[in-house]
Amino acid sequence: MIAAYLLARRPSPLYIRDLLMNTDEARQKKLKMRAWRRGFREADLILGPFADRHVPLFSEAELDLFEALLEEADHDIYGWILERMPAPAPYDGLLMTQLRAFRDEPKGIAGG
């Protein structure tokens, strides 16, 4: 009888994971993964490292905007970042300025 009670009270794995990671952390992790796995390598190499650095510092509104940006087509995002075409109004502000500044930062080259 005691064993049945303890088994019934044992938290599920999902419950344990929820205790360890709040919704903000889960959202940030999801956004970082989406930024790294675009399917278009050139976009991955800008958006992934950018997300790793900036997403933890973003406000809720900035996370919303970045999440919306990740819904756009890879080639469009890449074109906006490289300024090959104008970014639409929602993205043509601080977010795009940050992405373009990040693009222009010197990066270390491994093994070279």
Side-chain angles (χ1 to χ4, degrees):
M1 187 146 119
I2 294 175
Y5 172 76
L6 291 175
L7 284 175
R9 302 263 311 143
R10 187 173 58 178
S12 69
L14 180 60
Y15 177 75
I16 292 170
R17 186 174 56 217
D18 288 344
L19 287 175
L20 298 176
M21 181 183 295
N22 67 38
T23 38
D24 290 339
E25 290 171 335
R27 182 180 187 197
Q28 290 176 11
K29 185 176 178 179
K30 180 180 175 184
L31 287 172
K32 288 179 190 181
M33 187 167 66
R34 288 180 60 205
W36 272 106
R37 290 172 178 82
R38 303 292 305 162
F40 180 56
R41 191 68 182 148
E42 290 83 352
D44 292 349
L45 294 174
I46 295 173
L47 292 171
F50 175 85
D52 287 345
R53 182 184 302 169
H54 291 276
V55 162
L57 307 173
F58 277 169
S59 68
E60 194 72 25
E62 291 169 321
L63 288 173
D64 291 343
L65 186 60
F66 188 63
E67 190 169 29
L69 177 73
L70 294 179
E71 294 294 325
E72 301 290 341
D74 295 334
H75 290 281
D76 290 343
I77 297 170
Y78 191 66
W80 302 332
I81 293 170
L82 295 183
E83 301 178 82
R84 292 181 180 163
M85 50 196 212
Y91 310 119
D92 195 21
L94 181 58
L95 177 60
M96 198 54 59
T97 300
Q98 289 174 317
L99 279 162
R100 289 172 180 156
F102 184 82
R103 167 203 72 193
D104 294 338
E105 287 179 9
K107 311 286 189 285
I109 300 174

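Here the structure is a predicted model, which means the values were calculated and not measured.
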Any side-chain heavy atom of F102 within less than 4.5 Å of one from H54?
yes

After noting the C-alpha distance and the side-chain angles of E71 and R34, does the key distance pass the side chain to side chain contact (heavy atoms under 4.5 Å, CB included) rule?
CA-CA 10 Å; E71 294 294 325; R34 288 180 60 205; 2.6 Å; yes

Minimum-distance pair of heavy atoms, taken over all atoms of P49 and D44:
CD-O, 3.5 Å

If you round to the nearest 0.5 Å, how far is CG of L63 from NZ of K30?
12.0 Å

Does any part of the side chain of I46, heavy atoms only, come nearer than 4.5 Å to the side chain of Y78, both counted from C-beta?
yes

With side chains defined as the heavy atoms from C-beta onward, is the minimum distance between F58 and Q98 less than 4.5 Å?
yes

What distance do E60 atom CD and D24 atom CG have between them, rounded to the nearest 0.5 Å?
6.0 Å

Euclidean distance, I77 CD1 relative to L82 CG, rounded to 0.5 Å
12.0 Å

Taking C-beta and beyond as the side chain, do L57 and E62 meet within less than 4.5 Å on heavy atoms?
no

State plainly whether the residues R38 and E72 are in salt-bridge range, i.e. N to O under 4.0 Å.
no

Would you say E67 and V55 make side-chain contact, with heavy atoms under 4.5 Å?
no

Which atom of A51 lies closest to which atom of P56, heavy atoms considered
O-CD, 3.6 Å

Candidates I81, L45, L95 - the one meeting side-chain contact (heavy atoms from CB on, under 4.5 Å) with F50:
L95

Starting at CZ of R103, measure out to CG of L47 and round the result to the nearest 0.5 Å.
12.5 Å

In terms of ring plane angle, is the pair H75 and F40 parallel, tilted or perpendicular, where the classes change at 30° and 60°?
tilted

If you round to the nearest 0.5 Å, how far is CG of L99 from CG of L94?
9.5 Å

Looking at R41 and D74, is any side-chain nitrogen of the basic one under 4.0 Å from a carboxylate oxygen of the acidic one?
no

Test item: W80 and L69 side chains (from C-beta on) under 4.5 Å apart, heavy atoms
yes

